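Note that ligands are numbered from 1 as they come in the structure, with each ligand's atoms numbered from 1 the same way. For clarity, every value in this text was computed on a predicted model and none was experimentally measured.
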Amino acid sequence: MASTEHAPSFAHLEFDTPLYRTAVAQFDQAVPYSEITDGVAERLRYPERAIIVSCPVRLDDGRRVVFPGYRVQHSSVLGPTKGGVRYDAHVSLGECAALAVWMTWKCALLRLPYGGAKGGVRCDPRALSQPELERLTRRFTSELLPFIGPQEDIPAPDMATNEQVMAWMMDTYSMQRGHAVPEIVTGKPISIGGSVFRHEATGAGVVMVVARACERLGWRLSEQRCVVQGFGNVGGIAAQELVDRGATVLAVSDVSGGVWDPDGLDVPTMSQYALEHGSLEGWEGGTRVGNEELLELECDVLVLAARENQVHADNAPRLRCRLIAEGANGPTSLEADAILRERGIPILPDILTNAGGVTVSYFEWVQDLGRLFWGRDEIRAKLAEKLNDAFDRVWEIGGEKEIPLRTAALVAGIREVGAALDARGLYP
Ligand code: NAD
């Protein structure tokens with residue numbers, strides 16, 4: 001049997017999950033507009049490398065538990081792979097593969113010299129103490145040592161991982177090398193080589209993209225009434241940025257449910273509360289709404305900043321927004337995409353809308369490699385320039401080919417990677 005006949009069945013067996021199927025189906029929708037050869041398309045359908053590790057961890061009560069961990073590296077044609085690490089009960093090889101694929105298109109769309117990766121540990125992070133999280137992080141990093149590096153693969157924070165987790169990863173890697181290697185991770189504390197504005201970058205970037213879209217649509221951002229699902233790093237900062245730019249945030253939600261006030265929420269006080277209490281549980285202002293209900297509230301801009309597959313065939317017909325901004329990765333299912341297109345509700349796609357994070361991660365890595373640090377205003381201005389440039393290319397491709405913005409964003413990313421693969425050729 002020819003080797004090409006082996007590839008699809010192998011890949012589907014190993015990675016097959018709903019999210020990976022979505023990533024591949026989106027890719028297939030974009031390929032006809034991407035001007036790449038069949039051989040290049042076939043290569044890009046699968047990750048280059050996928051690693052499964054087992055992480056034994058001593059719990060505070062003395063018990064030992066083994067957690068499964070993953071790292072998937074999709075494409076290294078443009079440079080090191082780059083992507084977040086998540087701690088979540090749903091982490092799987094297929095989920096990481098889908099997210100790694102999206103990271104490749106995102107980096108290429110933003111013209112960053114990276115390919116996509118993603119990893120994580122399947123665990124319930126809320127059930128683990130800080131010392132347990134530290135031991136888990138250090139063990140996971142040790143297991144990945146042969147596969148990560150500043151020129152190979154550079155982790156970053158994602159769901160339930162933060163600056164502290166990145167500091168533990170950086171320290172573990174550095175101890176093995178015998179000197180400080182800040183450029184091994186991004187999203188770390190400023191005291192060890194993190195970048196100013198990295199913490200805010202994804203949420204602020206979401207709002208920069210929304211602002212650019214408003215300009216194109218002839219709307220004023222300050223007049224928009226917004227609903228934000230997810231109140232963590234991305235959603236919390238996006239809500240604050242919206243308020244700072246004069247928009248009204250009508251509702252937000254987190255894993256404990258949603259809060260709605262038609263006159264607008266006091267976002268700064270709610271952020272402080274969520275920081276102190278771990279979530280919005282117990283917050284007494286506004287009206288409590290369920291997460292499903294929150295998505296269906298009437299508003300102008302719906303920001304999805306929680307997790308994947310939140311808008312699907314069941315609720316897409318009932319959404320009452322005028323524009324969707326995907327802060328999370330993969331929050332809209334394929335079926336919902338089609339329904340919303342039919343209903344004339346544009347979607348600002350994840351690989352463009354949440355690219356502020358990886359873009360400032362890139363700035364952080366460059367600063368670490370050069371040991372020369374930039375100021376906040378410079379970083380914010382450079383980020384806006386990159387996002388606006390990517391937005392304009394996506395908007396133009398969308399208009400020219402008459403395709404949705406998601407497909408246009410994928411086309412822009414796939415073209416960059418395809419050109420690089422063509423130029424480098426197939427080894428050996
Ligand atoms: P986070 O853990 O800081 O926040 C996630 C938030 O979503 C929390 O408030 C959580 O309570 C809430 N949540 C979880 N399940 C929910 C549900 N079913 N309904 C409503 N809220 C729910 O994570 P984050 O870093 O903000 O990441 C959120 C999304 O953004 C993920 O899809 C992630 O991959 C994506 N993303 C993050 C970054 C980054 O820089 N942090 C960059 C790009 C994309």
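In this structure, R288 forms no cation-pi arrangement with W283, as its terminal cationic atom is not both closer than 6.0 Å to the ring centre and no more than 45° off the ring axis. Relative to the six-membered ring of F391, R393 misses at least one condition, a distance below 6.0 Å or an angle of at most 45° to the axis. Geometric assessment of K382 against the ring of W374 yields a positive cation-pi assignment under the 6.0 Å and 45° thresholds.
Nearest non-hydrogen protein atom to atom 26 (O) of ligand 1 is V234 N, 2.9 Å. What sits closest to atom 29 (C) of ligand 1 on the protein, heavy atoms only, is A306 O, 3.5 Å. Of all protein heavy atoms, the one closest to atom 32 (O) of ligand 1 is N329 N, 3.1 Å. In terms of protein heavy-atom proximity, atom 8 (C) of ligand 1 is closest to G232 N, 3.9 Å. Ranking protein heavy atoms by distance to atom 18 (N) of ligand 1, first place goes to Q310 OE1, 3.9 Å. Scanning the protein for heavy atoms near atom 3 (O) of ligand 1, the closest one is N233 N, 2.9 Å. Remark: minimum distance from atom 11 (O) of ligand 1 to any protein heavy atom is reached at V255 N, 2.8 Å. When only non-hydrogen protein atoms are considered, atom 21 (N) of ligand 1 lies nearest to D254 C, 3.3 Å.
Counting heavy atoms only, N354 comes closest to atom 44 (C) of ligand 1 of the residues V360, L294, N354.
Close approach to G230 involves these atoms of ligand 1, each under 4.0 Å from a residue heavy atom: 7 (O). Those atoms of ligand 1 with a heavy atom of R307 less than 4.0 angstrom away are 15 (N). Listed by number with element, the atoms of ligand 1 under 4.0 angstrom from any heavy atom of S253 are 20 (C). Residue A305 approaches ligand 1 through these ligand atoms, each under 4.0 Å from one of its heavy atoms: 28 (C). Below 4.0 Å from some heavy atom of A328 lie the following atoms of ligand 1, by number and element: 29 (C), 30 (O), 32 (O), 35 (C).
With no hydrogens or angles considered, a side-chain donor-acceptor pair links S76 and E48 at under 3.5 Å. Side-chain contact annotation: T141 with T172, donor-acceptor N/O pair under 3.5 Å absent. With 3.5 Å as the limit, one finds a donor-acceptor pair spanning the side chains of E276 and Q272. Of the N and O atoms on the side chains of E326 and T353, not one donor lies less than 3.5 Å from an acceptor on the other residue. D60 and S129 are linked by a side-chain donor-acceptor pair at a separation below 3.5 angstrom, with hydrogens and angles left out of the test. No donor-acceptor contact under 3.5 angstrom links the side chains of T186 and R198, judged on distance only.
With D254 contributing its side chain and F231 its backbone, the two residues share no donor-acceptor pair below 3.5 Å.
At least one N/O-N/O distance between R86 and ligand 1 falls below 3.5 Å. Ligand 1 has no N or O atom lying under 3.5 Å from any N or O atom of K118, backbone or side chain. Polar contact with ligand 1: absent for G235 (N/O pair, distance under 3.5 Å).
Contacts of E308 with ligand 1, taken as heavy-atom pairs under 4.0 Å, are absent altogether. By the criterion of a heavy-atom distance under 4.0 Å, the side chain of R198, and not its backbone, is placed next to ligand 1. Using a 4.0 Å cut-off between heavy atoms, A156 makes no contact with ligand 1 at all. Residue contacts with ligand 1, taken as heavy atom pairs separated by less than 4.0 Å, involve A160 solely via the backbone atoms N, CA, C and O. Residue N291 touches ligand 1 through its side chain alone, judged by heavy-atom distances below 4.0 Å.
Checked options W105, Y20, W102; the residue passing with F27 is W105 (criterion: ring-ring contact (aromatic ring centres under 6.0 Å, His included)). The residue from P155, P150, P157 that alone fulfils the side chain to side chain contact (heavy atoms under 4.5 Å, CB included) condition with V185 is P155.
A pairwise comparison of heavy atoms in L93 and I51 identifies CD1-O, 4.4 Å as the closest pair.
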